[in-house]
Amino acid sequence: MTITTAIVGYGNLGRSAETLIKAQPDLELFGIFSRRSELDTDTPVYPVDSINDYADQIDVLYLCLGSATDIPEQAPDFAKHFTTVDTYDNHKQLPHHYATMNAVAGEAGNVAIIATGWDPGLFSLNRVLGAAVFPEPQQNTFWGRGLSQGHSNAIRGVEGVKYGVQYTIPREDAIAAAKAGNGADIDGKDAHLRQCWIVADEADHDRITDTIVNMPDYFVGYQTEVHFISEEEFLRDHQGLPHGGRVITSGTLGKTKSTVEFALDLESNPDFTAAVLVAYGRAAARLKAEGKTGAFTVLEVPPYLLSTKSLEDLIAQDL
Ligand SMILES: NC(=O)C1=CN([C@@H]2O[C@H](COP(=O)(O)OP(=O)(O)OC[C@H]3O[C@@H](n4cnc5c(N)ncnc54)[C@H](OP(=O)(O)O)[C@@H]3O)[C@@H](O)[C@H]2O)C=CC1
Ligand SMILES: N[C@@H](C[C@H]1CC(C(=O)O)=NO1)C(=O)O
């Protein structure tokens with residue numbers, strides 16, 4: 001079955017999703033819906049305001065929007081007319097997003113798979129699996145060193161920021177302690193430095209710094225550095241999008257100790273995130289075809305639905 005998909009939002013994630021959809025044998029890309037009319041792509045581009053005119057031609061809509069404001073403000077409206085997949089990653093607000101999307105998609109008879117990607121996403125799966133097997137699990141999550149798209153998107157939304165990125169830098173001693181099973185006293189916020197590099201007018205520097213360091217859900221509680229640089233420096237030194245991280249779970253099983261680690265090393269954060277997003281689009285179309293409706297997190301989507309292989313083949317080849 002060919003699944004007809006579309007993208008809304010042509011930023012880092014949208015560009016990566018475009019490439020990765022085209023690499024899938026069973027997915028077709030109908031087009032890209034954008035606020036902008038001119039995009040550097042050969043894929044058909046449509047005004048996002050016209051998107052509902054195409055609802056009967058699109059099986060899955062990938063919401064490649066920012067989590068800081070775009071998804072909360074826009075995703076529910078898309079879910080009224082489309083089966084959607086998003087990468088929403090404001091962990092504090094996830095229960096609210098889940099409830100909102102479940103109500104809207106359920107009422108409309110659509111599916112909405114939320115919070116795909118790697119954190120939330122594959123890390124969520126590994127946190128649940130890791131903690132489920134140990135009677136008394138010790139679990140720690142670390143990110144970086146790398147560029148957080150969510151935090152970068154959030155700082156770009158601060159008035160006066162022309163360009164901005166945020167790198168997350170974990171404390172190596174904290175990682176070593178977690179690997180040794182001594183992670184009980186590690187505080188995730190204390191274990192990471194958040195380092196921002198921004199282009200903005202000097203008159204706005206103090207206000208921008210204050211807004212960022214006090215930004216709820218994203219920066220409050222973290223050691224945060226805000227550096228201002230020239231546009232030339234930014235375009236020269238801050239174009240890469242690498243990232244990575246690890247979920248480390250350890251504990252005692254009877255009289256023996258075990259440690260489980262799930263690690264990612266990503267040359268491109270958006271490419272990997274888009275790869276996960278795209279695979280969940282296959283699952284969303286299948287859930288919809290089964291008559292399911294409402295919101296689903298990665299914890300509720302059977303893994304085989306992501307695969308191009310049948311369940312029978314997966315059992316025979318990959319179990
Ligand atoms: N779960 C996970 O593991 C991960 C989640 N993410 C999430 O993905 C999100 C997107 O990341 P990224 O692609 O780098 O973000 P970008 O800022 O590069 O792109 C966001 C896009 O949203 C569109 N958009 C729609 N409405 C607005 C608006 N009002 N203001 C600004 N843009 C708008 C724009 O596209 P256009 O101009 O074409 O309309 C824009 O390019 C991040 O915010 C992050 O939360 C990212 C990585 C991992
Ligand atoms: N959602 C994150 C993916 C990971 C990276 C991250 C961080 O650096 O704080 N937290 O979760 C992103 O937008 O890149």
Side-chain angles (χ1 to χ4, degrees), residues 6-18 31-41 43 45-49 51 62-75 77-78 85-94 97 113-127 141-159 161 163-170 188-189 191-196 215 217-219 221-224 239 241-247 264 266 268-277 280 297-298:
I7 291 165
V8 58
Y10 200 60
N12 297 311
L13 187 62
R15 289 191 295 273
S16 293
E18 177 188 31
I32 296 165
F33 292 87
S34 172
R35 300 170 304 165
R36 295 167 289 157
S37 56
E38 298 294 324
L39 299 180
D40 180 20
T41 178
T43 302
V45 178
Y46 303 87
V48 66
D49 292 345
I51 194 167
Y62 290 112
L63 307 186
C64 298
L65 307 167
S67 295
T69 55
D70 309 338
I71 287 180
E73 292 171 355
Q74 302 176 38
D77 283 342
F78 289 122
V85 188
D86 70 45
T87 60
Y88 186 66
D89 68 355
N90 183 337
H91 293 262
K92 283 275 186 65
Q93 300 301 326
L94 270 171
H97 182 54
I113 301 183
I114 69 162
T116 70
W118 54 286
D119 201 0
L122 301 190
F123 273 22
S124 311
L125 287 173
N126 280 274
R127 282 192 283 263
T141 299
F142 299 98
W143 312 286
R145 178 191 174 96
L147 180 141
S148 169
Q149 290 174 250
H151 293 80
S152 300
N153 172 263
I155 64 177
R156 286 195 292 271
V158 177
E159 186 182 349
V161 172
Y163 297 98
V165 290
Q166 190 262 212
Y167 300 105
T168 311
I169 304 162
K189 293 196 170 181
H192 293 88
L193 166 66
R194 297 197 175 282
Q195 191 180 79
C196 306
M215 190 183 295
D217 301 345
Y218 285 91
F219 290 94
Y222 285 94
Q223 184 189 346
T224 300
Q239 296 308 298
L241 296 158
H243 213 344
R246 64 198 68 243
V247 175
L264 295 177
L266 311 176
S268 165
N269 187 353
D271 283 352
F272 185 78
T273 302
V276 178
L277 172 84
Y280 273 96
T297 66
V298 298

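Read the numbers this way: they start at 1 and go in the same order the structure lists the ligands and their atoms. In this text the structure is predicted, and so the values were computed from the model without any measurement.
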**Student:** Can you list the atoms of ligand 1 that are under 4.0 Å from a heavy atom of Asn269?
**Tutor:** 47 (C), 48 (C)
**Student:** Heavy-atom contacts under 4.0 Å between Leu13 and ligand 1: side chain, backbone, both, or neither?
**Tutor:** both
**Student:** So which protein heavy atom does atom 7 (C) of ligand 2 come closest to, and at what separation?
**Tutor:** Thr168 OG1, 3.4 Å
**Student:** I'd like to check which ligand 1 atoms, numbered from 1 as shown, lie under 4.0 Å from a non-hydrogen atom of Gly117.
**Tutor:** 1 (N), 2 (C), 3 (O)
**Student:** I'd like the name of whichever of Asp89, Asn269, Thr87 reaches closest to atom 2 (C) of ligand 2 through any heavy atom.
**Tutor:** Asp89
**Student:** Select one of side chain, backbone, both or neither to describe which atoms of Arg156 lie under 4.0 Å from any atom of ligand 1, heavy atoms only.
**Tutor:** side chain
**Student:** Hey, does His243 come in under 3.5 Å of ligand 2, counting only N/O atoms on both sides?
**Tutor:** yes
**Student:** Output yes when the distance from some N or O of ligand 2 to some N or O of Gly150 is under 3.5 Å, and no in every other case.
**Tutor:** yes
**Student:** Say whether Glu73 and ligand 1 are in contact under the criterion: heavy-atom distance to a ligand atom below 4.0 Å.
**Tutor:** no
**Student:** Do ligand 2 and Gln166 have nitrogen or oxygen atoms that lie under 3.5 Å from each other?
**Tutor:** no
**Student:** Counting non-hydrogen protein atoms only, what is the nearest one to atom 11 (O) of ligand 2? Give residue, atom name and distance.
**Tutor:** Asp119 O, 3.2 Å
**Student:** Mark the output for Arg194 as yes if a heavy-atom distance to ligand 2 is under 4.0 Å, and as no if none is.
**Tutor:** yes
**Student:** Report yes or no: does a heavy atom of Thr116 sit under 4.0 Å from some atom of ligand 1?
**Tutor:** yes
**Student:** Are any of the N/O atoms in Pro120 less than 3.5 Å from those in ligand 1?
**Tutor:** yes
**Student:** Using heavy-atom distances only, which candidate in His243, Arg15, Arg36 approaches atom 37 (O) of ligand 1 most closely?
**Tutor:** Arg36
**Student:** Is the closest heavy atom of Pro270 to ligand 1 under 4.0 Å?
**Tutor:** no
**Student:** Looking only at non-hydrogen atoms, which of Leu147, Asn12, Leu241, Asp89 approaches atom 14 (O) of ligand 1 most closely?
**Tutor:** Asn12
**Student:** Between ligand 1 and Ser34, is the shortest N or O to N or O distance under 3.5 Å?
**Tutor:** yes
**Student:** For ligand 1, indicate whether the residue Thr273 contacts it via side chain, backbone, both or neither (heavy-atom separation under 4.0 Å).
**Tutor:** side chain
